[in-house]
Structures are given as structure tokens and as C-alpha cells.
Amino acid sequence: MTYKEFLQKGGEQKWQDKWLEEGIDRAEDFGEKPKKYVLDMFPYPSGAGLHVGHPEGYTATDIYSRYFRLKGFNVLHPMGWDAFGLPAENYAIKTGTQPSITTAENVATFKRQIQSLGFSYDWDREINTTDPKYYKWTQWIFLQLFKKGLAYEATVPINWCPSCKTGLSNEEVKDGKCDRCSAAVEKKDLRQWMLKITAYADRLLSGLDGLDWPESIKSQQRNWIGRSEGAEVDFKIAGSKETIKVYTTRPDTLFGATYMVLSPEHKLIQELKDRIENWKEVNNYVVQSKNKSDLERTDLNKEKTGVELKGVKAINPVNGKEIPIWLSDYVLSGYGTGAIMAVPAHDTRDWEFAKKKQIPIEYVIIPNQFYYPDVNGNSIILSCPDDCDKILEKVKEVNEGSGFCFTEIDSGIMVNSDFLDGLVPEEAIKKMTAWLEEKGVGKKAINYKLRDWVFSRQRYWGEPIPLVHCDKCGIVPLDEKNLPLTLPKVEKYEPTGTGESPLALIEDWVNTTCPKCGGPAKRETNTMPQWAGSSWYWLRYIDPNNDKEFADPKKLKYWLPVDLYLGGAEHAVLHLLYARFWNMFLFDIKAVPFEEPFTKLVNQGLILGEDGEKMSKSRGNVVNPDDIVKEFGADTFRMYEMFMGPLEDMKPWSTKNILGIHRFLGKVWEIVMKHGTHSIEQNANAELEILLNKTIKKVGEDIESMSFNTAISQMMMLANAMQEAKVFPADYFEKLLIILSPFAPHMTEQLWRKLGHMESICKEQWPTYDPEKIIDAEIELPVQVNGKVRARLKLPADVEEAVATRAALDDSQVQKYVMTEPKKIFYVKGKMISIVV
RNA sequence: GCGCGGAUGGCGGAACUGGCAGACGCGACGGACUUAAAAUCCGUUGGGCAUAGCCCGUGCGGGUUCGAUUCCCGCUCCGCGCACCA
């Protein structure tokens with residue numbers, strides 16, 4: 001049988017069925033072997049089916065899992081479906097088909113496609129987030145959060161997508177647009193369920209240090225959490241008891257604060273209404289800001305606008321000076337205190353605003369040194385402290401002319417700042433903070449950009465929130481015994497747009513009794529966001545059928561944490577942040593044994609279309625894995641995706657290049673088929689033996705470091721050499737097949753049986769290499785003269801320095817360049833000789 | 001603007017900790033087999049020249065070093081993320 005015939009006769013499918021039947025891929029709880037938990041980010045089963053990007057990651061983890069099984073590990077490698085979400089619901093709106101039906105169909109398609117690639121998932125552990133048996137526990141976790149005060153109801157201005165007709169979390173807004181549909185996001189006051197992720201800000205930040213994750217993801221999470229240190233300062237309002245509290249990272253510049261700015265949403269504005277002389281103007285600005293979209297408000301190119309609160313002044317606590325109070329939307333209500341002290345001399349935004357509104361500018365930091373050319377072009381240097389006044393003058397000159405000169409925190413020197421004069425900013429910050437605390441007008445403060453997680457959605461296809469609203473008892477959680485609260489079937493999936501989900505229309509579902517007092521009550525009609533089910537799913541694989549608890553603690557202890565987690569980088573501040581948050585919470589309530597869920601994270605790079613552009617239906621450059629499998633087989637497909645380049649890199653698809661891999665597999669097939677059934681020469685071919693040992697070593701190391709492309713090229717070299725050698729010991733085939741089997745499981749299984757084995761190749765052991773036999777007996781030693789290679793000498797690998805240098809100097813090519821006595825000779829053992837003349 | 005990556009032949013990419021740049025594959029060219037084609041196999045393939053040899057060459061300009069794709073300084077371009085966060 002040729003390789004082609006094997007594929008045509010459905011040979012791959014045959015082995016897939018057999019593996020499934022024999023349960024080769026099943027993980028054994030509490031097994032004796034060391035455990036390895038290898039996890040893929042589970043897919044959203046869309047109607048479009050699998051695209052080539054999905055199997056890239058799945059192949060990588062499959063090779064990794066198969067390798068570790070051969071190495072004697074008990075590997076948990078599961079798969080499931082993250083199936084709640086808008087597409088199924090939007091499809092239901094269009095066609096009236098229930099989301100549960102479309103979801104089931106899509107799952108079936110995805111499963112068939114994934115299985116056709118021979119991935120070794122333990123299908124006994126398959127999960128689906130839309131299964132009531134699963135979301136029972138999603139609801140249970142929500143109730144625990146509620147009971148600990150980490151889930152709370154609030155009516156706050158949130159991001160609202162007018163097209164999806166639902167609220168969004170901050171993480172779901174990109175560039176002021178909805179992450180899903182790209183519609184411009186609006187602000188809307190809505191009653192929401194919020195999760196207090198901010199309570200975990202510090203731990204989410206510090207925990208990153210210990211994780212083996214890509215630096216880019218860690219830094220994205222750090223930026224998103226956005227911790228900063230500074231001070232809170234109270235500014236009194238002249239002739240009033242009111243104060244304005246501000247947050248600043250630069251308390252050292254307080255003497256330079258010449259005005260204040262409140263965000264348009266600031267509470268004080270309404271409270272000061274009676275004293276504001278230009279109320280109409282002020283109120284207009286507030287209303288205008290409210291009607292602007294986020295996109296408009298955060299546009300950096302727009303001119304800064306603002307209105308002064310006439311008739312009200314603030315007092316700078318450090319010098320008692322009265323300063324004006326302005327209102328502007330360049331100050332965000334959601335960060336810090338929603339108010340700032342403005343230091344136009346040392347902040348670009350304040351500078352811009354002050355210039356426009358002609359507010360005085362007061363310099364309090366100047367550079368230590370200042371260079372400028374005099375009329376003759378000679379360089380003049382001014383240095384502090386002698387020339388401070390002159391430097392200040394020059395800085396002003398430069399700033400008034402060309403623009404803004406910001407002084408860095410670690411350079412420069414304080415001026416015009418009373419007790420801070422002469423200090424460097426870093427010291428000035430400490431001194432000022434201490435002064436503020438002493439006077440009771442401020443204190444050290446830490447701020448985060450991270451906001452609480454808007455957790456409710458006004459849509460149908462999500463987990464119902466298991467709470468009821470009772471007039472007498474308030475908000476009452478369902479009894480845990482009564483979970484799951486199942487999602488009822490509805491007639492109309494259309495979002496209401498009123499801030500209520502379609503569930504609100506089902507009266508006999510909404511109207512219920514209070515679990516506490518038994519009186520009439522109404523159910524919460526918001527549903528949970530897409531991210532709920534994926535925030536804990538890796539825990540459910542461990543015990544997917546348990547109906548007493550989300551997983552047996554003993555099993556959790558055995559399997560956790562996840563050793564390798566692989567998926568796309570797009571979830572950096574969404575799923576990966578939420579998942580860490582939930583896991584930390586579950587750790588705190590002693591429901592899981594580890595604080596951080598994913599020890600090692602790897603992001604696979606995007607696969608681009610053949611034209612180098614992102615694959616998309618509209619561009620028509622989408623590759624369907626089914627077509628490739630049909631033409632070349634699953635093994636070729638898997639290996640091609642791994643051979644394309646480094647896993648983490650973005651790389652273009654090339655159907656042409658698949659041929660190279662297909663030829664390689666055909667070559668291996670031929671080598672084994674031609675020789676495999678005959679008796680083989682037992683005399684070792686020394687060179688081939690070394691290559692085989694090197695290959696075993698390199699392929700193993702490369703799999704562990706996920707460098708699959710180089711592992712494959714090494715195996716290609718071995719196959720080429722075996723083809724050329726024609727005759728060699730029989731166990732060479734076996735070793736080659738075993739190390740190739742994680743990559744190309746089907747054809748290696750077929751050939752393995754052909755060699756007479758009754759058991760699956762999956763049950764074999766990874767071959768060991770002989771460390772003595774990975775060193776070439778003879779090497780080519782390059783000889784450099786003055787840095788240029790002039791000769792290559794064939795010498796024994798373990799050649800002594802004296803012998804090697806002698807040989808180099810005796811070489812006729814070398815002698816041409818070495819006329820005089822060499823100044824110096826470098827010998828790097830086994831690498832090269834470098835002669836300097 | 002800030003943060004994180006990256007730039008190597010016609011193409012995808014290799015190169016350990018500073019030690020032969022271009023592994024492996026694609027494509028191209030030449031040859032074998034064939035009536036022919038496909039498939040397969042063999043050979044050549046960074047550029048240049050005065051071609052047994054020499055010179056140039058890893059985005060650009062400098063530096064350190066016997067020796068730099070690798071380290072340092074200064075740029076350019078590209079990708080990704082965040083972005084009025086005080």
C-alpha cells in the first residue's frame with residue numbers, strides 16, 4: 001500500500017475510531033505517573049466552522065501532550081465549548097431558530113472537524129458552558145461572590161452598545177467601539193450587576209511576577225490594572241466648608257498648581273449651583289458632555305474645551321493662593337477623584353488648556369543644566385544652583401516659543417516652591433507628602449485604572465443571574481439547592497433596548513416567590529456576560545460530571561494548576577484577567593488549591609491568508625481545514641502548520657509549501673515500507689547513528705520548548721540520510737516513527753503495526769539517546785586570520801589545542817595570510833581557531 | 001505620546017551562552033526515468049567579479065571585540081497593545 005492509498009482508503013479515520021474506542025487519550029485521576037495538565041483555550045463554536053487558526057494551537061498542544069505521554073506522564077488534555085454569546089442569539093433573531101439548536105449544530109460541526117485532525121482529547125471530559133449542568137456552577141460561583149459582597153448592584157453610567165443593545169465591560173470596549181460589532185459605544189445610566197475586581201487589583205498585579213507568561217501579556221495586564229502612587233490633596237473652596245479632593249502623582253509640583261479642573265460629572269457642580277454666577281453656561285457644558293460619545297470625548301486631536309466656575313475659587317493649601325476652578329471633559333470622572341489640580345508648566349494637557357484659556361503658568365521645576373548657542377555660535381552652559389534664575393528665564397523663552405518642555409522626575413531641581421526649593425523631584429514628592437499629612441490636608445494614595453467589572457447583559461443567550469428582587473427583603477439569592485436556574489425558552493429573542501433582557505417579557509418566569517419570606521418577588525432578568533463560563537472552565541474538566549460540587553477537591557489538588565495554557569493573545573485583558581480574578585476568589589474561599597490558575601501561557605500567532613492579509617470572508621482568503629485534510633490528510637495538515645514558522649509568530653499561509661511536508665511524510669512511508677518488512681543490516685553506520693541520536697535529543701528538546709519547526713527540519717534531515725543510507729539496523733525505523741508520532745500520529749501508527757507491533761505506538765516510550773553518540777567523530781574546524789575564514793581543517797572532534805594550532809599554521813591557505821609571527825591565537829574547542837597577525 | 005515585539009536570499013524561516021550566516025522547506029534552473037505529462041530521484045541555487053580564487057552581504061549609522069545576525073549607543077521602518085489615567 002502506498003501512502004496515497006492509505007489516505008484514500010480512510011486510513012486516518014480508521015485509527016481515529018480505534019483510538020477513541022481504546023480510550024488511549026483518557027486521563028486517569030490520581031494516576032501514579034507524574035501529571036501534566038495541557039489546556040487549549042476552548043473555542044466559541046461559530047456557524048462558520050473551524051478555520052486554520054484554531055488547529056494551530058490545538059496541534060501544538062496535541063504534540064506536546066502526546067510527547068509527554070510517551071515520556072511517561074499522566075496527561076490531561078481536554079476540550080469543550082464556550083457556547084454562550086451573541087452570534088447564536090442574533091441568528092435566532094433573524095431566523096427564529098432557538099440558540100440552543102444552532103449551538104448544538106455548531107458544536108457537532110466543530111467536534112467533527114477537530115476529531116478529523118486526530119487530536120488526542122479526552123472526550124469523556126467534554127464540557128459545554130450552555131449546559132445547565134455546567135452553568136449551575138457558574139451561577140453557584142456568582143452566588144459566592146454575592147455572599148462575599150463582591151457582586152453588587154449599582155446604577156452607574158456604563159458603556160452601552162446601541163447595536164448589540166447591551167451594556168459592556170470596559171475590557172470589551174476598544175477605541176471607543178464595541179469589541180464585537182464596532183459600533184460607537186455610548187454612555188448610559190443603567191442598573192447593573194458589578195463584580196468588584198478592583199478588590200483584587202494589587203494581587204492581580206503582583207501575581208504576574210511569578211508567572212511564566214509572554215512578557216507582552218503581562219505588560220498589557222499591568223498597564224490595564226494601571227497602578228500609580230501619589231497623593232490625595234484637599235483644596236478648600238474659598239468662603240465655604242466644601243473641599244475639592246484631587247489625586248496627583250506629582251505632589252512636588254503643588255506650588256505650580258494655578259487652577260483646578262472638575263470633570264463635568266463631578267458632584268460638587270450641582271452642590272455649588274447657587275454660588276456659580278454663570279450657571280447657565282456651566283449647565284450647558286455639563287449637558288453637552290453627557291451627550292458626547294466616548295469616542296468624541298477621548299479624541300486626542302480635538303481642542304480642549306471648558307468653562308470657568310465664576311464666583312467660586314479654590315485655595316491652594318501650600319501657599320494659600322486663590323485659584324480658579326474650571327470644568328472640562330479632559331478630566332475623566334472615573335479616574336482618581338474626578339478632579340485635578342492643574343500644573344500647566346509641567347503637564348502637557350494642563351499646558352494646552354492654560355494656553356487656550358490664558359491661565360497663569362508657574363514654573364516649579366527647571367533643568368539642572370541648560371545649553372544654548374550665543375550670537376557667535378559658541379555653546380553656553382548654565383548650571384544650577386548658580387544660574388537658576390537664568391535657566392528659568394531660558395526655559396520660559398523656549399516654552400513660550402516652540403512648545404512645552406516637561407521636566408522628568410529624576411532630573412531637574414525644584415524652584416519657587418518654598419520648602420522644596422533645591423530638592424530633586426523625587427525627594428520633593430516625599431517631603432511634600434509628609435507635609436500634607438502633617439497639616440492634615442492630604443495623604444499618600446494609590447490609584448488604579450482598573451474599574452469594577454460590569455457583569456450584566458441585557459440579552460437572552462447567557463446564564464440567568466440567580467437572584468430575586470423582593471419588596472420586603474430586597475435582593476435575595478436563590479437557594480443553592482435550587483440551582484441551576486435554567487434559561488427559559490422565549491418566543492422573541494429581540495433585545496428590548498430598554499435595559500431589560502428579553503427574559504423580562506416572560507411573566508410566569510419573572511414572577512416568583514421570595515426564597516426568604518415566601519412573598520411575591522421578581523427574578524433578576526439580566527444575564528451574565530460571555531466571559532462568565534470561561535472564567536472557571538479549566539476547573540470543570542477535572543470533574544465534569546460531579547453534581548455535588550463543581551469539582552472534587554482531591555481531584556483539583558491532583559491536577560491543578562494548569563501546566564501549559566495555549567491560545568490567542570486577544571484575551572490578554574479579558575478572559576485571562578477575569579479567569580485569574582475568579583480563581584483568586586475561589587482560592588480565598590478555599591474552593592481551589594492554587595491562587596494562579598495557569599503556570600505557563602503561550603500565545604500562538606495569527607495565521608494570515610496567502611496574500612499576507614488577515615483571513616476574512618470578505619477578502620475571500622479563508623482556508624478551510626477540511627479541504628486541506630481531504631487533499632493531503634490530517635498528518636500533513638498538522639505538520640505543515642507546525643513547520644510554517646515559530647508558533648508565536650504571525651505567518652502567512654502557503655498552500656504550495658504544504659507539498660514539502662507531504663513529500664517528507666511520503667518519504668518516511670517509503671523508507672519503512674521498502675525496508676520495514678525485510679531483514680535489515682545490523683552493522684551500524686556511524687554517521688547515521690550519530691544523526692539519529694542527535695535527532696532524538698533535538699526533537700525532544702524542541703517539543704518541550706515548543707519549537708516545532710526546527711524539530712521537523714531535524715527529522716527531515718534524518719529521513720534524507722536514511723533514504724541515502726539504504727541499509728541500517730531495524731530499530732532505526734522504530735525510533736524515527738516514535739519521535740514522529742506526536743506530529744503525524746496516523747501514518748506512524750499504521751507503519752508501526754506494519755512493523756509487526758500489536759499495541760498502539762501511543763503506548764510506547766520516548767526513545768533515549770546515547771550521549772556518547774551525539775558528537776561527530778570528525779569536525780571541520782574553521783581557521784580565521786584577522787577575523788576572516790581562510791581555511792577549514794578536518795580534525796578529530798576532541799583535538800587538543802596544540803595539535804589544532806599546529807595544523808592550522810601548517811595549512812598552505814593559512815600560510816598565505818600569516819607572513820609574520822602571529823600576535824595571538826585563539827582556540828575555541830570544537831568551534832574555531834582565530835589567528836591575529 | 002507610552003508600553004511590548006520585530007526587520008536575515010526570489011519566498012517561509014535556521015543559527016546554543018559572541019565563534020563557519022542562510023540549516024530545513026518552497027520556488028527556480030539543469031539532468032535521470034517516461035512515447036509524453038504528473039509523481040519520484042540526482043545536481044545547482046545570497047549578490048558581485050578578473051570565478052581552483054577574491055570581494056561584498058543579516059533595516060541604517062557608529063562603538064566594543066581577535067571575532068557581532070547576537071552586546072552597547074544613536075536612528076529608520078513595520079506589527080501589536082494602551083492612550084487626556086493627572
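Heavy atoms only: backbone and side chains are in, while hydrogens, waters and symmetry mates are out. Every chain is numbered from 1, with letters handed out A, B, ... down the list of sequences.
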Would you tabulate the nitrogen or oxygen pairs shorter than 3.5 Å linking the protein to nucleotides 76-81 of chain B?
unit_1, atom_1, unit_2, atom_2, d
B:G81, O2', A:Gln220, OE1, 3.1

Please list all pairs meeting ring pair (Phe, Tyr, Trp, His ring centres under 6.0 Å) that have one or both residues in residues 638-657 of chain A, counting only residues at least two apart or in different chains.
A:Tyr640-A:Trp653
Can you tell me, in whole Å, how much space there is between the P of B:C77 and that of B:G27?
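Their P atoms lie roughly 36 Å apart.
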Work out how far the P atom of B:U44 is from that of B:G25, and round it to whole angstrom.
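Looking at atom P only, B:U44 and B:G25 are 13 Å apart.
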Measure all distances between protein nitrogen or oxygen atoms and nitrogen or oxygen atoms of nucleotides 5-7 of chain B, and list the pairs falling under 3.5 Å.
none

Result block: side-chain N/O donor-acceptor pairs under 3.5 angstrom for residues 779-787 of chain A, not counting sequence neighbours:
unit_1, atom_1, unit_2, atom_2, d
A:Asn786, OD1, A:Val837, N, 3.1

Check nucleotides 49-54 of chain B for protein N or O atoms closer than 3.5 Å to its own N or O atoms and list the pairs.
unit_1, atom_1, unit_2, atom_2, d
B:C54, OP1, A:Tyr817, OH, 3.0

Quiz: residues 822-832 of chain A side-chain donor-acceptor pairs under 3.5 angstrom, not counting sequence neighbours:
unit_1, atom_1, unit_2, atom_2, d
A:Tyr827, OH, A:Val799, O, 3.1

Contact list for residues 694-705 of chain A, test side-chain hydrogen bond (donor to acceptor under 3.5 Å, both in side chains), sequence neighbours left out
A:Tyr67-A:Glu704, A:Lys694-A:Asp776, A:Thr695-A:Gln714, A:Lys697-A:Glu701, A:Lys698-A:Asp702, A:Asp702-A:Thr710, A:Ser705-A:Ser707
Grab the stems for RNA chain B, please: at least three consecutive Watson-Crick or wobble pairs, both distances below 3.5 Å, written as range with range.
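Stem list for RNA chain B: B:1-7 with B:76-82, B:10-12 with B:24-26, B:27-32 with B:40-45, B:46-49 with B:53-56, B:59-63 with B:71-75.
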Any chance you could list the contact pattern along nucleotides 18-29 of chain B? Use B for base contacts, S for sugar-phosphate-only contacts and - for none, protein heavy atoms under 4.0 Å, 5' to 3'.
-BB--BBSSS--
Show me the donor-acceptor pairs within less than 3.5 Å that the side chains of residues 658-666 of chain A make with the rest of the protein, sequence neighbours left out.
unit_1, atom_1, unit_2, atom_2, d
A:His662, ND1, A:Thr636, OG1, 2.8

For A:His575, which residues count as a side-chain hydrogen bond (donor to acceptor under 3.5 Å, both in side chains) partner, sequence neighbours excluded?
A:Tyr565
A:Lys4: salt bridge (Lys or Arg N to Asp or Glu O under 4.0 Å) partners, not counting sequence neighbours
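Not a single residue meets the salt bridge (Lys or Arg N to Asp or Glu O under 4.0 Å) criterion with A:Lys4.
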Just checking A:Ser328: base, sugar-phosphate only, or nothing, at a heavy-atom cut-off of under 4.0 Å?
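Touches nothing.
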